[in-house]
Amino acid sequence: MQDNIRWNPNFDEKAYIGATALKQGEDAYIRNAFNQAECDKLPTDRGVPDTRDYSCRSLEYKHKLPTTSVIITFHNEARSALLRTIRSVLNRSPSELLKEIILVDDFSDNANDGRLLKILPKVKTLRNNKREGLIRSRVRGADLAKGDVLTFLDSHCEVNERWLEPLLSRVAQNETIVVSPIIDVIHMDTFNYIGSSADLKGGFGWNLNFKWDSMTSEEQSQRAAHPTRPIKTPMIAGGLFSISKNWFIKSGKYDMGMDVWGGENLEISLRIWMCGGSLEIVPCSRVGHVFRKRHPYTFPGGGGFVFAKNTRRAAEAWMDGYAKFYYKREPGARGVPYGDISDRLKLREKLKCRSFKWYMRNVYPELNVPEGVNDKFGELRQGGKCLDSIGGKPGDRVSTFPCHGGGGNQAWDMTKDKIRNNFIQRCLTISSSGEIVADPCEDDNEKQIWQLKES
Ligand code: UD2
Ligand code: MN
């Protein structure tokens with residue numbers, strides 16, 4: 001493949017990646033929670049299948065587009081993955097639109113991970129002198145950015161053909177629109193690049209975790225008729241998006257009180273919608289991302305704790321009285337201190353933001369307030385023991401454990417006729433041998449139907 005922006009021939013890629021190669025016999029997943037052997041092996045400038053809808057190919061961007069700074073934060077990222085992310089950006093972005101790539105090394109163990117990349121075209125590197133987490137790291141990068149638009153990427157992505165123009169073009173039309181590409185999948189085992197469905201939007205349930213929602217059938221037919229049109233989304237996944245630098249600053253950047261990972265995507269999504277902006281997925285922009293099943297890095301403060309803290313900050317600042325439904329679902333979060341959010345509340349006043357109720361009515365009507373039968377959630381308790389979904393693999397038996405009050409495996413909800421554990425997304429099911437197991441929830445599985453007798 002031709003490098004669009006001239007590559008620096010003095011950069012010794014082999015040495016850079018080779019220095020952190022897997023040791024003989026080392027588990028390929030241990031450092032990155034994805035297959036590093038496969039990742040290291042692939043060329044850093046490989047081609048990827050063009051996954052866009054066919055009609056995207058003929059789109060032209062006649063007007064002058066704004067420039068962008070691409071901001072990538074990372075902590076102990078596999079060097080080959082980081083380099084492939086950068087190289088795909090250099091190869092598939094018009095030089096005149098790409099102001100710079102700002103790498104923020106969030107205190108990785110080896111300072112050379114980032115430092116050695118300084119000599120790459122357009123690349124600027126920063127390093128935190130302590131672990132800040134991805135949220136404050138992104139803000140550090142954004143504060144230095146010179147482009148008109150900020151484009152955030154994770155450190156294990158590959159951008160696709162003409163990924164940038166449709167994003168920038170949409171922001172140029174209205175600076176308050178924050179745009180995400182469709183996020184394709186780079187398989188964590190094989191590193192195959194796989195196109196994702198264009199019929200998904202971002203949303204969340206009452207555990208406040210991000211999830212993909214299917215579009216309503218009306219939206220799907222709209223989309224089929226106009227496959228290049230941006231789609232409004234209640235929430236963005238969080239990692240891959242473009243926002244006007246102006247609007248990023250005006251709308252309150254990020255909540256600097258959030259640590260490590262998580263919660264910031266909910267916070268920015270609610271804030272942008274409630275404070276006069278909107279979120280969209282731009283289907284003609286495609287970016288691949290390695291989704292994985294666990295975090296490969298440490299969580300100073302403890303994983304569940306940090307996530308609950310960040311999420312509480314978002315919920316307390318933006319969800320008004322509705323935060324109570326989160327606490328009902330995740331009782332363990334109630335006890336997690338979340339610090340001072342008065343700055344966010346002041347911001348909310350200053351920007352004259354709308355209420356969460358407005359957001360639910362107008363942006364996310366699919367988010368049902370748990371009421372009536374849906375209101376029944378919590379523990380299934382017998383004395384001091386609670387029903388626990390334990391492992392969570394399909395077919396795993398459920399059992400009782402001492403109640404821990406922390407939700408998770410012990411948090412059940414009663415939907416119309418199912419008993420569901422939202423944490424592992426499984427439903428109580430009678431197995432063929434008559435045991436109670438937790439299996440994936442299915443609409444028409446009669447082995448999952450339960451009845452609530454008020455007596
Ligand atoms: C998703 C987002 C991610 C972020 C997160 C919630 C996508 C594709 N990814 O999780 O961007 O919004 O949800 O917070 O939408 N990192 C640091 N410092 C840290 C921890 C992580 O710099 O202390 C970097 C990490 O190297 C990576 C990025 O932050 O480049 C996101 O982390 P992740 O890939 O573990 O998050 P992911 O994709 O599970
Ligand atoms: Mn990621």
Side-chain angles (χ1 to χ4, degrees), residues 66-77 82 85 89 99-108 114 123-155 157 167 171 175-176 178-180 210 235-275 277 279 297 299-301 306-307 309-314 316-318 338-348 350-351 353:
T67 62
T68 192
S69 301
V70 169
I71 298 166
I72 302 171
T73 77
F74 65 95
H75 177 74
N76 289 345
E77 185 57 83
L82 177 60
T85 308
V89 171
K99 193 85 190 169
E100 61 204 344
I101 300 177
I102 300 177
L103 300 180
V104 186
D105 171 1
D106 188 15
F107 199 53
S108 297
V123 169
K124 296 183 180 142
T125 60
L126 296 176
R127 177 172 161 86
N128 296 337
N129 53 20
K130 65 176 195 334
R131 182 85 175 276
E132 295 288 356
L134 73 92
I135 298 121
R136 287 189 293 274
S137 300
R138 280 183 190 165
V139 173
R140 237 197 119 193
D143 286 344
L144 281 187
K146 300 247 166 17
D148 308 320
V149 173
L150 310 173
T151 298
F152 295 97
L153 292 179
D154 277 7
S155 47
C157 291
L167 296 175
V171 176
E175 78 156 7
T176 66
V178 177
V179 288
S180 271
F210 175 82
M235 182 164 171
I236 51 170
L240 287 39
F241 66 98
S242 296
I243 180 169
S244 126
K245 173 152 180 168
N246 242 342
W247 178 231
F248 183 69
I249 296 168
K250 210 154 116 194
S251 64
K253 299 184 183 179
Y254 271 127
D255 176 357
M256 298 295 273
M258 290 189 181
D259 305 320
V260 194
W261 178 98
E264 97 294 345
N265 41 1
L266 178 70
E267 199 267 343
I268 199 171
S269 298
L270 296 179
R271 174 160 48 81
I272 292 294
W273 273 116
M274 288 164 58
C275 307
L279 308 174
Y297 40 75
F299 263 78
V306 170
F307 183 74
K309 174 191 165 188
N310 293 352
T311 304
R312 281 201 79 178
R313 291 184 67 84
E316 292 290 338
W318 300 103
Y338 61 94
D340 180 9
I341 54 161
S342 52
D343 276 358
R344 291 278 108 174
L345 297 175
K346 267 186 228 138
L347 175 77
R348 203 174 150 170
K350 188 176 117 201
L351 297 177
C353 306

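What's counted below: heavy atoms across the whole structure, side chains too, no hydrogens, waters or symmetry copies. A quick note: this is a predicted structure, and the numbers were derived from the prediction, not measured.
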Practice task
Determine yes or no for a side-chain-to-main-chain donor-acceptor pair under 3.5 angstrom, with Asp106 supplying the side chain and Arg131 the backbone.
Solution key: no
Problem - Check: Ser155 side chain, Leu82 main-chain N or O, donor-acceptor pair, under 3.5 Å - result: no
Exercise for the section: Kindly say whether Leu240 contributes a backbone atom to a donor-acceptor pair with the side chain of Asp154 at under 3.5 angstrom? Expected result: no
Handout entry: Stacked cation flag Arg138 on Phe152, 6.0 angstrom / 45 deg
Key = yes
Handout entry: Short side-chain to backbone donor-acceptor contact, Ser69 and Gly147, under 3.5 Å
Key = yes
Practice task
Determine, for Lys245 against Asp148, whether the closest basic-nitrogen to carboxylate-oxygen distance falls under 4.0 angstrom.
Solution key: no
Problem - Glu100 side-chain N/O to Lys146 backbone N/O, donor-acceptor pair under 3.5 Å - result: yes
Practice task
Without swapping roles, check the side chain of Asn265 against the backbone of Ala237 for a donor-acceptor pair under 3.5 Å.
Solution key: yes
Problem - Given Val179, Ile243, Val178, the one that forms side chain to side chain contact (heavy atoms under 4.5 Å, CB included) with Leu167 - result: Val179
Exercise for the section: For the pair Arg271 (side chain) and Arg344 (backbone), establish whether a donor and an acceptor sit closer than 3.5 Å, ignoring hydrogens and angles. Expected result: no
Exercise for the section: Look at the side chain of Thr68 and the backbone N and O of Val149, then say whether any donor-acceptor pair between them is shorter than 3.5 Å. Expected result: yes
Exercise for the section: May I ask you to decide if the ring planes of Tyr254 and Phe248 are parallel, tilted or perpendicular, using 30° and 60° as cut-offs? Expected result: perpendicular
Problem - Distance-only side-chain donor-acceptor flag, Asn246 / Ser244, under 3.5 Å - result: no
Problem - Pair Asn128, Ser137: side-chain N/O donor-acceptor within cut-off below 3.5 Å - result: yes
Handout entry: Single hit among Met258, Glu264, Met256 for side chain to side chain contact (heavy atoms under 4.5 Å, CB included) with Arg136
Key = Met256
